[in-house]
Amino acid sequence: MPDNAFDELQWRGLIFDYIEGVPELLAREKVTVYNGFDPTGDSLHVGHTVPLIALARLQRFGHTPVAVAGGGTGMIGDPSGKSAERNLLTREQIEYNVSRIKVQLAHLLDFEVKSNPARLVNNADWLLKLNLVDFLRDIGKHFTVNYMLAKDSVKTRIDREEGLSFTEFSYMLLQAYDYLHLYDTMGCKLQTGGSDQWGNITAGVELIRRVRGGQAYAMVYPLITKADGTKFGKTESGSVWLDPEKTSPYRFYQFWLNTDDRDVIRYLKFFTFFTRDEIAGLEASLAEHPEQRAPHRALARDMTARIHGETALARAEQASQALFGGEISGLSAAEIADIFADVPSCDLPAERLSGPGMPLIDLLVTAGVVPSKSEARRSIADGGIYLNNVRVSDGAMSVSVEHALEGQFIVLRKGRKNYTLVRVIR
RNA sequence: GGGCAGUUACCCAAGUGGCCAAAGGGGGCUGACUGUAAAUCAGCUGGCAGACGCCUUCGGAGGUUCGAAUCCUUCACUGCCCA
């Protein structure tokens, strides 16, 4: 690890833009740095983690990280990067979300160290106290509409058909006020965020200069891109969450393992704490033996262990091996239950399989493998459905008790890697 | 408040009385190939039956017609221009 935080971030490709003086600031003093996040859901997803992990990197260099939950701003909705007006959340929803996210943050930031413990605050604590007239006099006075209109987040929305509401237009002022508040109360001098936050962050820097004559700083990270042009952090089944209830450790592990070759080294730099030498080694391995996917595995292992722990990682790896390694028919009931613990599953009363059994078409729908019977028929016709890992050719077949492994499980699979476990309940 | 344009399936977008479950593209799903890849090629892509066929869908509601995504009325929403 280099001795300079800025160099470290730069090497990792994390510096997209910054206000002049940031490298010197980070080298000169231990600063309090904050990064906001949106509590619009009750869990963070992988896309949220880059700025938060970056905060952890700064913490390792002795700086003090502050995670700011946008409990107040979340009630408004940030127009940045949004194509349409945001749905507003209630105060209760947001408070619940913040409480859930707090647990996840503990995996990323160190709240325990004596010297520079991380902190979590909620901007609802100060924003909700604001009074409109005071706000307009004290804050609004310092911004011209021209300045606000010039911000990209506003400009792109005005150019689009949908436009944006006054509420969203005002968002940047609230975030600017956040920065001022944290500058005043915690001596916070640096705000970080995704590159889409640049306008909001610099508005805060501007405000601090005007009302306090102080110098505050801004630094933003690049948007995480994917080589194939799709959005990072999404899979067929939606966002990849940190909450194991929403995204199982197995799926989480698989998400990272499936990283595109062209992206994997960059992601190692973004997400892990591997050293330059370690990453260089993995890069060499990728070049020489791409089929071994050593960097993918390292990335998946590291992330899964950090977020879900070693036990969950071990299980995710075991399941991956069994599912993609091959044979499942020889496994015991206990092994099956264990391997598929994380895989989507459903319960089915044994009576439904009695006698001639249940049409496979119906079972596929019941188990949620496909959304409709038409889709089920299509998938079978395409050769994309497997029963206990054997491709199904007969679209009219029925599933009976005999098909259940150990009398207890039926393994349905659609395509290469979508497994569903049916538990037969007596 | 006035004028104009628009609202079609997951998205973009054709369609202006029957040949429309609705062109084309994107996306998605599946197969072949492979490294649980990329690239490429092929099939599929509203629902229920899967044989004929039936049902729901072209912003909402109502109407004209043997028959409407297509015509009329009205309402809603969006954009542009005028006040």
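So that the names make sense, note that chain A is the first sequence line, chain B the second, and so on, each numbered from 1.
Of all nucleotides listed (rC29(B), rU36(B), rC48(B)), rU36(B) comes nearest to the side chain of F324(A). Side-chain proximity of L257(A) to rA32(B), rG50(B), rU36(B): nearest is rU36(B). Of the listed nucleotides (rG31(B), rU30(B), rG50(B)), rG31(B) has the atom at the smallest distance from the side chain of Y386(A).
Rounding to whole angstrom units, NE2 of residue H296(A) and C1' of rA37(B) are separated by 7 Å. Separating the CD atom of Q292(A) from the P atom of rU34(B) is a distance of 18 Å, rounded to the nearest angstrom. As rounded to whole Å, 11 Å separates atom P of rC44(B) from atom CZ of R378(A). We find that CD of E375(A) is positioned 18 Å from P of rG43(B), with the value rounded to whole Å. Between the P atom of rG35(B) and the CZ atom of R293(A) lies a distance of 10 Å, rounded to the nearest Å. One can place CG of L364(A) at 12 Å from P of rC48(B), the figure rounded to the nearest angstrom. Rounded to whole angstrom, the span from the CZ atom of R377(A) across to the P atom of rG46(B) amounts to 15 Å. The distance from atom CG of N389(A) to atom P of rU36(B) is 14 Å, rounded to the nearest whole Å.
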Residues 136-148 of chain A side chain polar contacts: donor-acceptor under 3.5 Å, at least two apart:
| from | atom 1 | to | atom 2 | distance (Å) |
| --- | --- | --- | --- | --- |
| H142(A) | NE2 | D138(A) | O | 3.1 |
| T144(A) | OG1 | Y147(A) | N | 3.0 |
| Y147(A) | OH | K151(A) | NZ | 3.0 |

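rG46(B): Watson-Crick or G-U partner is rC55(B), with both key distances under 3.5 Å. Searching all strands for a Watson-Crick or G-U wobble partner of rU65(B) with both distances below 3.5 Å returns nothing. Look at rA22(B): it lacks any Watson-Crick or wobble partner with both distances under 3.5 angstrom. When both distances must be under 3.5 Å, the Watson-Crick or G-U wobble mate of rA32(B) is rU40(B). Pair check for rG17(B) finds none; no Watson-Crick or G-U wobble contact set falls under 3.5 Å. The partner of rC4(B) is rG79(B), judged by Watson-Crick or G-U wobble contacts that both fall below 3.5 Å. Remark: rU74(B) base-pairs with rG60(B). Criterion, Watson-Crick or G-U wobble with two distances under 3.5 Å.
You'll find a donor-acceptor pair under 3.5 Å spanning the side chain of D382(A) and the base of rG43(B), going by distance alone.
Legend: residues meeting salt bridge (charged side-chain N to carboxylate O under 4.0 Å, His left out) with D261(A), ordered by chain and number and at least two apart, are absent. With sequence neighbours excluded, the residues satisfying side-chain contact (heavy atoms from CB on, under 4.5 Å) with S372(A) are S374(A), E375(A). With sequence neighbours left out, the salt bridge (charged side-chain N to carboxylate O under 4.0 Å, His left out) criterion links D277(A) to no other residue. F232(A) meets the ring pair (Phe, Tyr, Trp, His ring centres under 6.0 Å) test with F255(A), Y267(A), F271(A); sequence neighbours excluded.
Nearest-nucleotide positions on RNA chain B place K417(A) closer to the 5' end than the other of K417(A) and V365(A). Summary of the strand contacts: S372(A) and G415(A) both lie near RNA chain B, and taking for each the nucleotide with the nearest heavy atom, the more 5' one is attributed to G415(A).
Contacts between residues 258-270 of chain A and RNA chain B, defined by a heavy-atom separation under 4.0 Å, are made by N258(A), D260(A), D261(A), R262(A).
Within 6.0 Å of CZ on R301(A) lie no more than 12 heavy atoms contributed by other residues, nucleotides or ligands. Within 6.0 Å of the CD atom in E20(A), the count of heavy atoms belonging to other residues, nucleotides or ligands does not exceed 12.
Stacking of R57(A) on the aromatic ring of F273(A) is recorded, both the 6.0 Å distance cut-off and the 45° axial limit being met.
A close approach under 4.0 Å does not occur between any side-chain nitrogen or oxygen of R416(A) and OP1 or OP2 of rC33(B).
A distance of about 24 Å separates the P atoms of rC12(B) and rA21(B), rounded to the whole Å. Taking the P atoms as reference points, rU65(B) lies 16 Å from rU73(B), given to the whole Å. Nucleotides rU57(B) and rU8(B) are separated by 10 Å at their C1' atoms, to the nearest Å. Between rC54(B) and rU36(B), the two P atoms lie 48 Å apart (nearest whole Å). One C1' atom belongs to rA5(B), the other to rC55(B), and the distance between them is 35 Å to the nearest Å. Of the P atoms belonging to rA22(B) and rA9(B), the separation is 16 Å, rounded to the nearest Å. Look at the C1' atom in both rC20(B) and rG15(B): the space between them is 9 Å, to the nearest Å. Between rC19(B) and rG31(B), the two C1' atoms lie 33 Å apart (nearest whole Å).
Here the straight-line distance linking atom OH of Y221(A) with atom CD1 of I15(A) works out to 7.0 Å at 0.5 Å rounding.
In this structure, N123(A) contributes its side chain and G72(A) its backbone to a donor-acceptor pair below 3.5 Å.
When heavy atoms are screened at a 4.0 angstrom cut-off, R413(A) is found touching no nucleic acid atom at all.
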